[in-house]
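What follows is one structure encoded as structure tokens, with my remarks underneath.
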Amino acid sequence: MSTDLFQAPDYFQLDDLLTEEHKLVRDAARDWVKREVSPIIEESCQKAEFASHLISGLAEIGAFGPYIPVEYGGAGLDQISYGLIMQELERGDSGIRSTASVQSSLVMYPIYKYGNEEQRQKYLPKLASGEMVGCFGLTEPDFGSNPGGMVTNIKDMGDHYLLNGAKLWISNSPFADIAIVWAKNEDGRIKGLIVERGMEGFSTPETHNKWSLRASATGELVFDNVKVPKENLLPNKDGLGAPLGCLDSARYGIAWGTIGAAMDCYDTALRYSKQRIQFGKPIAGFQLQQKKLAEMITEITKAQFITWRLGVLRNEGRATSAQISMCKRNNVDMALKIARDARQMLGGMGITGEYPIMRHMMNLESVVTYEGTHDIHLLITGLDITGENAFV
Ligand code: TGC
Ligand code: FAD
């Protein structure tokens, strides 16, 4: 891997709107990514291996539960600091951001929000320190965009629940210590459970042959008559709104994260275009290449501002799910388009691992699909503005 020369673009001085704490948190994450992620990420992707040694560093920079209160081991930061950490991690690689997103918003968040005090005390400090890693099981083989149709189920057996079913496409599942699993009870009501590795009948086969998110481990969760103790049920919220509430938090993190991936592609293409000589001058001097770069920085700047504003609204408890959907959809799409244009600007070199662009581009094909696809988020906006539900 060549030296990481990344310089973050800030065309409209967004930094002026950040607090000193935001900048400290962001810069710590940025330095860590340069030091720990950039040197190893290309090899990790080529080998399709999750670099598990990064877990302790992620914990140290506060990437596990940034906004979870300090009393539970979290960093007690605000939503903008959380977003900036995700931005920096995804600047390194979407798979590394995925690991932190899942741990923070899909595992720690539901335990903190929907769990009881014993569950918080038992799991949150270990998740924050990276001693324990979790995953989130919502998607099933036949229910992806429509998770409300899930067939994974629990039966009340008196002193425990009997869990049966399967989840597919689960980030971190192959090595996770615990899984937050969403399943229907006998009344068809969706409940959240904490399932622990080692419970009889619970297995987590890995999904291979991915061309995307290769530095992140993905797998299944298979439940064959798993006895889950009653104390592992999350008591404080049920129904589809419970997992969807977690997704709001993770989608918000992705909105920031994809700005990081876009910045890395833009910064790489800008630097390359000034150095690459064709027809006797740097390709940066050709109008067609300038158009690409000018449009990239414009789109990054627009994304930075709606996302920062979304963070302010979240800090004030005023952000809506529909606003989060719009921001996630816009920013992933923006990053994908920038990755594609940036890759072209590097010509043949753009397809190699010498530069991060192709890796970001392939990663973003997962990011545009998970946490709600591009089209699903458009329909959420459509429902919000028209009041007409296209899902029924
Ligand atoms: P619908 O009838 O609209 O809603 C059911 C209940 O949920 C409430 N609700 C929400 N609550 C909180 N946050 C949200 N964003 C919410 N959206 C809806 C809603 O008010 C209702 O509550 P109640 O009390 O009336 O019951 O549900 P629907 O079945 O029509 O589905 C709506 C739809 C399609 C928008 C939703 O199901 C959806 O978002 N589908 C996409 C599925 C998805 O995003 N899956 C992600 C799986 S996890 C993942 O991908 C992790 S990748 C992590 C990584 O590696 O980074
Ligand atoms: P489908 O729902 O089958 O969709 C196929 C196509 O149909 C899409 O283009 C979709 O937009 C379109 N479509 C569906 N319904 C409609 C409609 N009503 N109108 C118009 N078009 C529609 N899930 C988890 O629970 N936990 C995880 O940790 C997790 N990690 C993931 C990691 C990776 C790498 C990937 C790829 C996925 C992950 N997922 C995870 C699953 C992810 O959330 C789903 O893939 C996603 O929600 C889409 O579901 P699906 O793949 O079944 O596609």
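All of these numbers come straight from a predicted model, not from anything done at the bench. Each ligand, and each atom within it, is numbered from 1 in the order the structure gives. Below, all heavy atoms of this structure are taken into account, side chains as well, without hydrogens, waters or symmetry copies.
- By the criterion of a heavy-atom distance under 4.0 Å, both the backbone and the side chain of S98 are placed next to ligand 1.
- Among protein heavy atoms, atom 49 (C) of ligand 1 sits closest to E371 N, 3.8 Å.
- The shell of residues lying under 4.0 angstrom from ligand 1, judged by heavy atoms, excludes S366.
- Taking a distance limit of 4.0 Å, we find that atom 3 (O) of ligand 1 is approached by no protein heavy atom.
- Contact atoms of ligand 1 toward T139: 47 (C) (distance under 4.0 Å to a heavy atom of the residue).
- Closest to atom 33 (C) of ligand 2 by heavy atom, among F391, Y370, F143, is Y370.
- For Y72 and Y123, the distance between ring centers is not under 6.0 angstrom.
- Annotation: cation-pi geometry not satisfied between K155 and Y161 (NZ/CZ under 6.0 angstrom from ring centroid, within 45° of ring axis).
- Checking atom 6 (C) of ligand 2 against the protein gives no heavy-atom contact under 4.0 Å.
- Hydrophobic clustering (side-chain heavy atoms under 4.5 Å, transitive across Ile, Leu, Val, Met, Phe, Trp, Tyr) groups L17 together with Y252.
- Nearest protein heavy-atom neighbour of atom 1 (P) of ligand 1: L240 CD2, 4.8 Å.
- Residue-level proximity to ligand 1 for F136 is carried by the side chain, the only part with a heavy atom below 4.0 angstrom.
- Closer than 4.0 Å to atom 10 (C) of ligand 2 lies at least one heavy atom of the protein.
- Protein heavy atoms are found inside the 4.0 Å sphere centred on atom 26 (N) of ligand 2.
- Atom numbering of ligand 2 starts at 1 in the shown order; those under 4.0 Å from a heavy atom of F136 are 24 (C), 25 (O), 26 (N), 27 (C), 28 (O).
- Listed by atom number, the atoms of ligand 2 under 4.0 Å from E371 heavy atoms are 43 (O).
- Considering D15, D31, D10 as possible partners of R26, the one that fulfils the salt bridge (charged side-chain N to carboxylate O under 4.0 Å, His left out) test is D15.
- Those atoms of ligand 2 with a heavy atom of D375 less than 4.0 angstrom away are 11 (O).
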